[in-house]
Amino acid sequence: ALLLITRTRARLNATRPSSLLSLLAAGALIGVSCWLRANALLLAPFLALALMLIAKRGERKRAALILVCGALLVVVPLTIRNAVVFGKFIPVSLGAGQTLIEGIADYNTDGSLGLPQTDLELIRGEAETAQRPDYANSLFTPDGIERDRARLARGFAVIRAHPVWFASVMLRRAASMLRLERTPLRLTTTDASPGLLQWPLRILQKFFIPALFLPLTLTGAGILCYRRQFQPLAILLAVPCYYFCMQSALHTEYRYVLVIHYFLFVLAALAVY
């Protein structure tokens, strides 16, 4: 999606068929990602705001609208299907309530808020509170919609009661997304070439640490600002900023936000170049 926007921006004209189709396709690809995982559900509107900075004056609203429509064309069938099958408004899937309260519990280390930190604690607590032993068997069966909405309400109640603390949680979680996981290599070796591939890759892996890449990323962003190349900077930072703002409100795992590093690596590469 971002590649299409990048290729379109130099000739961005929302009245041309080629630009219109490129933006529509970019929105559709974001919609496809929502079928795979709902984390990017609000990414299209977020990118539409970025387009307001990238597109030429007089074409901004049209370009943003086309992008959002492309995403809606792909996502809305899921929403309609959910409305027909369940009779409820569910944009893509359930789980927001679960990740909200477990995300709050991640940072409430003393347990003073009484929120569950794991799925097992969550369903056992719901079974006990509702006097429904069958709730302890699954997160969403039975009464999955009602249970997840109750979780959302529970999480929002905590946020309203502790807004400043929750804002600090979001900041800390956003900062944690910049961490680079150093996963042990799992490479097969043969007797003829033991470690032939492993040792150079292990050495290379030692350089992938925030202490090295964060300064490079900031330097790359600074170079674009100094050169007043705000359009490329907006494109490169749009997806990371989306996850910093939206995913930081929920429980997250490294795999949820892995995508942001591939944009930040471009900024780091610019600094090296």
Checklist line | For the student: nearest non-hydrogen atoms of Leu43 and Val239, plus distance | finding: CD1-CG2, 4.4 Å
Item checked: Residue pair Thr79 / Ile90, side-chain heavy-atom distance below 4.5 Å -> no
Margin query: Can you tell me which residue among Arg151, Lys88, Arg132, Arg149 is in a salt bridge (charged side-chain N to carboxylate O under 4.0 Å, His left out) with Asp143?
Written below: Arg132
Next item on the list: Work out which heavy atom in Phe263 is nearest to a heavy atom in Leu2; give both atom names and the distance.
Entry: CE2-CG, 3.8 Å
Check: Heavy-atom distance under 4.5 Å between the side chains of Leu236 and Leu264, does that happen here?
Finding: no
Margin query: Less than 4.5 Å apart, side chain to side chain, heavy atoms only: is that true for Leu23 and Leu51?
Written below: yes
Next item on the list: Might you point out which heavy atoms bring Leu4 and Ala25 nearest each other, and give the distance in Å?
Entry: CD1-CB, 3.7 Å
Next item on the list: Taking side-chain hydrogen bond (donor to acceptor under 3.5 Å, both in side chains) as the test, write out the residues that go with Glu102, two or more places apart.
Entry: none
Notebook entry, point to check: Is Tyr254 atom OH crowded by more than 12 heavy atoms from other residues, nucleotides or ligands, each under 6.0 Å away?
Noted result: yes
Next item on the list: Measure the shortest side-chain to side-chain distance between Phe230 and Leu224 over non-hydrogen atoms and say whether it is less than 4.5 angstrom.
Entry: no
Check: For Tyr256, is the NZ or CZ atom of Arg37 found under 6.0 angstrom from the centre of its six-membered ring and inside 45 degrees of the ring axis?
Finding: yes
Item checked: Common cluster, Val76/Leu24, ILVMFWY with side-chain heavy-atom separation under 4.5 Å -> no
Could you list the donor-acceptor pairs under 3.5 angstrom formed between side-chain atoms of residues 110-118 and any protein atom two or more places apart in sequence or on another chain?
| residue | atom | partner | partner atom | Å |
| --- | --- | --- | --- | --- |
| Asp110 | OD1 | Asn108 | ND2 | 2.8 |
| Asp110 | OD1 | Ser112 | N | 3.1 |
| Asp110 | OD1 | Ser112 | OG | 3.1 |
| Ser112 | OG | Asn108 | ND2 | 3.0 |
| Gln117 | NE2 | Ala105 | O | 3.0 |
| Thr118 | OG1 | Glu121 | N | 3.2 |

Notebook entry, point to check: At their closest point, which heavy atom of Thr219 faces which heavy atom of Pro215, and how far apart are they?
Noted result: OG1-O, 2.7 Å
Notebook entry, point to check: Can you find a heavy atom in the side chain of Leu152 that is under 4.5 Å from one in the side chain of Leu100?
Noted result: yes
Item checked: Flag side-chain contact, heavy atom, 4.5 Å: Leu171 against Ser248 -> no
Item checked: Residues forming a ring pair (Phe, Tyr, Trp, His ring centres under 6.0 Å) with Tyr135, sequence neighbours excluded -> none
Next item on the list: Using the side chain to side chain contact (heavy atoms under 4.5 Å, CB included) rule, pick out the option among Thr99, Ile101, Asn39 that qualifies with Leu250.
Entry: Thr99
Notebook entry, point to check: Does a side-chain heavy-atom distance below 4.5 Å link Trp165 with Ile104?
Noted result: yes
Check: So which pairs with a foot in residues 246-273 pass salt bridge (Lys or Arg N to Asp or Glu O under 4.0 Å), sequence neighbours left out?
Finding: Glu253-Arg255
Check: Given the rule in the salt bridge (Lys or Arg N to Asp or Glu O under 4.0 Å) test, do Arg124 and Glu126 qualify, once you have shown the distances and angles that lead to the verdict?
Finding: CA-CA 5 Å; Arg124 285 179 175 175; Glu126 288 178 341; over 6 Å; no
Check: Looking only at side chains, do Asp148 and Gln98 share a donor and an acceptor under 3.5 Å apart?
Finding: no
Next item on the list: Report yes if some heavy atom in the side chain of Ser138 is under 4.5 Å from a heavy atom in the side chain of Ile123; otherwise report no.
Entry: no
Checklist line | Pairs flagged by ring pair (Phe, Tyr, Trp, His ring centres under 6.0 Å) wherever residues 30-50 is involved - sequence neighbours left out | finding: Phe46-Tyr242
Which atom pairs, one a donor and one an acceptor, fall under 3.5 Å between side chains of residues 265-273 and the rest of the protein, sequence neighbours left out?
none

